[in-house]
Amino acid sequence: MRFARPLNILLVEDDSLTAMAMARMLEMAHCTVTTVTDGEAGLNALADGAFDALITDLVMPRLGGEAMIRQLRRDRPGLPIVVLSASPPEDGIPGLQDGEGGPLVILRKPVLAGELLAAMDEVFLKT
């Protein structure tokens, strides 16, 4: 990834091993990563901190990724988002990928480092 400055990323992932692996991939690309385990904690972190992008799972306890993104789009409509899912919706996420808000890319888990970094490049090229 080639960014003008290190990025501050919020990672919302309920599986601790996946979260650790993703955080490590991003840290190796000179990103600062804050990790939380569900959508409610994600919204709270976004309200309290300045993040350049969101990486989130879809299926999580308390508040899932799709619901979190829909709420987030009201306050931070242009925030770049990468969605990770073991079973992403075949037709994408209607209303979130059709020009309504910032760039959003969906990846299928498990994700390789190159795929994650390419998705980050993609969402930042669209901003």
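In this structure, Val105 and Met120 have side chains that are not in contact, with every pair of non-hydrogen atoms separated by 4.5 Å or more.
Residues forming a side chain to side chain donor-acceptor pair (under 3.5 Å) with Thr35 (at least two apart in sequence, or on another chain): none. The salt bridge (Lys or Arg N to Asp or Glu O under 4.0 Å) search around Asp14 returns none, not counting sequence neighbours. Residues satisfying the side-chain contact (heavy atoms from CB on, under 4.5 Å) criterion with Leu112, sequence neighbours excluded, are Glu115. When the side chain to side chain donor-acceptor pair (under 3.5 Å) test is applied to Asn8, no partner is found at least two apart in sequence or on another chain. Every residue meeting the side-chain contact (heavy atoms from CB on, under 4.5 Å) condition with Ala41, not counting sequence neighbours, appears here in chain and number order: Val36, Asp38, Arg62.
Side-chain atoms of Arg76 come within 3.5 Å of backbone atoms of Phe51 as a donor-acceptor pair (strictly under, hydrogens ignored).
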Donor-acceptor pairs under 3.5 Å, side chain of residues 25-34 to any protein atom, not counting sequence neighbours: which ones?
none

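Gly78 and Pro103 make their closest contact through O-CD, 4.0 Å (heavy atoms, listed as atom of the first residue, atom of the second, distance). The minimum heavy-atom distance linking Gly65 with Thr56 is given by the pair CA-OG1, 4.0 Å. Smallest separation of non-hydrogen atoms from Pro61 and Thr37: CD-O, 4.2 Å. For Glu66 against Leu58, the heavy-atom pair with the smallest separation is N-CD2, 3.7 Å. Between Leu107 and Leu116, the closest heavy-atom pair is CD1-CA, 4.1 Å. Counting all heavy atoms, side chain and backbone alike, Leu54 lies closest to Met68 at CD2-CE, 3.8 Å.
Checked for salt-bridge contact, Lys109 and Asp15 miss the test: no charged N lies under 4.0 Å from a carboxylate O.
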Please assess Leu10 against Leu46 for the test side-chain contact (heavy atoms from CB on, under 4.5 Å), listing each intermediate value before the final yes or no. CA-CA 8 Å; Leu10 177 62; Leu46 285 158; 3.5 Å; yes
After noting the C-alpha distance and the side-chain angles of Val123 and Val82, does the key distance pass the side-chain contact (heavy atoms from CB on, under 4.5 Å) rule? CA-CA 8 Å; Val123 295; Val82 175; 4.1 Å; yes
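Here the CD atom belonging to Glu40 is positioned 6.0 Å from the CG atom belonging to Leu63, to the nearest 0.5 angstrom. Atom CE of Met22 is separated from atom CD1 of Ile9 by 12.5 Å, given to the nearest 0.5 angstrom. Between atom CD1 of residue Ile81 and atom CD1 of residue Ile55 there is a gap of 11.0 Å, rounded to the nearest 0.5 Å.
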